[in-house]
Amino acid sequence: MPKIILRSPDGSEHTLDARLGASVMETAVKHGVPGIVAECGGALSCATCHVYIAESCIGMTGQADDFEDEMLDDAAAERKPNSRLSCQIRMTDELDGLEIDIAPEQ
């Protein structure tokens, strides 16, 4: 089972076991990680699961597609080059150890 390391804006760290195929957002919500609002439930229509991929993990997650890219323009927190929507990152064995910072505002 791959692990995700999520850091909240308050500095707390959450290491979670993720089910293969589940999104980072689903995993965070299931474990009650604060900061991931997920208003749309993963339908890619709200940008309230905005995260920053750790620099060391950028190559692991791939890039946002055009629709996700547009949604990130509407995110409440600053968009950065490593911004992603956690609902669009599906867990695989290759993502084991993925490190993510939760955006400070959703």
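Small disclaimer: the values here were computed from a predicted structure and weren't measured.
- The shortest side-chain heavy-atom distance between Thr48 and Ile36 does not fall under the 4.5 Å cut-off.
- Scored by the side chain to side chain contact (heavy atoms under 4.5 Å, CB included) test, Glu94 finds Thr92 as partners (sequence neighbours excluded).
- No salt bridge links Glu55 with Lys80; every basic N to acidic carboxylate O contact stays at or beyond 4.0 Å.
- There is no path of hydrophobic side-chain contacts, each under 4.5 Å, that joins Met60 to Leu85.
- Heavy atoms only, all atoms of each residue included: Met71 and Ser45 are closest at CE-C, 3.2 Å.
- Lys3 pairs in a side chain to side chain donor-acceptor pair (under 3.5 Å) with only one of the listed residues (Asp17, Thr27, Thr15), which is Asp17.
- Electrostatic pairing of Arg79 and Asp74 does not count as a salt bridge here, judged by no charged N lying under 4.0 Å from a carboxylate O.
- Using a distance-only test at 3.5 Å, with no hydrogens or angles considered, no donor-acceptor pair links the side chain of Asn82 to the main chain of Tyr52.
- At a threshold of 4.5 Å between non-hydrogen side-chain atoms, the residues Val51 and Ser83 do not count as touching.
- By the 4.5 Å side-chain criterion applied to Ile, Leu, Val, Met, Phe, Trp and Tyr, Ile5 is assigned to no cluster and stands alone.
- Linking ILVMFWY residues whenever their side-chain heavy atoms come closer than 4.5 Å, directly or via other members, places Ile102 and Leu95 in the same cluster.
- His31 places none of its side-chain heavy atoms less than 4.5 Å from the side chain of His14.
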Q) Arg7 and Ile100: side-chain contact (heavy atoms from CB on, under 4.5 Å), yes or no, with the steps? A) CA-CA 6 Å; Arg7 285 182 286 278; Ile100 294 176; over 6 Å; no
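- Within 6.0 Å of the CG atom in Asp66, the count of heavy atoms belonging to other residues, nucleotides or ligands does not exceed 12.
- Across every non-hydrogen atom of Pro9 and Pro104, the tightest pair is CG-CA, 3.6 Å.
- Checked by atom type and distance alone, the side chain of Arg84 pairs as donor or acceptor with a backbone atom of Thr61 at under 3.5 Å.
- Remark: the backbone N or O of Gly21 is paired with a side-chain donor or acceptor of Arg90 at under 3.5 angstrom.
- For the side-chain contact (heavy atoms from CB on, under 4.5 Å) with Val24, the qualifying choice from Ser86, Cys49, Cys87 is Ser86, the only one to do so.
- Atom-to-atom distance recorded for Met1:CE and Asp93:CG is 10.5 Å, nearest 0.5 angstrom.
- Residues Leu72 and Val37 do not share a hydrophobic cluster, clusters being chains of Ile/Leu/Val/Met/Phe/Trp/Tyr side chains in contact below 4.5 Å.
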Q.
With side-chain contact (heavy atoms from CB on, under 4.5 Å) as the criterion, how do Ser23 and Met91 come out once you've worked through the C-alpha distance, each side chain's angles and the decisive distance to 0.1 Å?
A. CA-CA 6 Å; Ser23 71; Met91 292 305 297; over 6 Å; no
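- With rounding to the nearest 0.5 Å, the separation of CD in Gln88 from CG in Asp69 is 12.0 Å.
- Follow the hydrophobic side-chain contacts under 4.5 Å out from Ile4 and you reach Val33 in the same cluster.
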Q | Check against side-chain contact (heavy atoms from CB on, under 4.5 Å), Ile53 and Ile89 | A | CA-CA 11 Å; Ile53 306 300; Ile89 303 169; 3.7 Å; yes
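- Atoms CD and OG, on Glu13 and Ser8 in that order, are 9.5 Å from each other to the nearest 0.5 Å.
- Contact detail for His50 and Ala75: the closest heavy-atom pair is ND1-CB, 3.5 Å.
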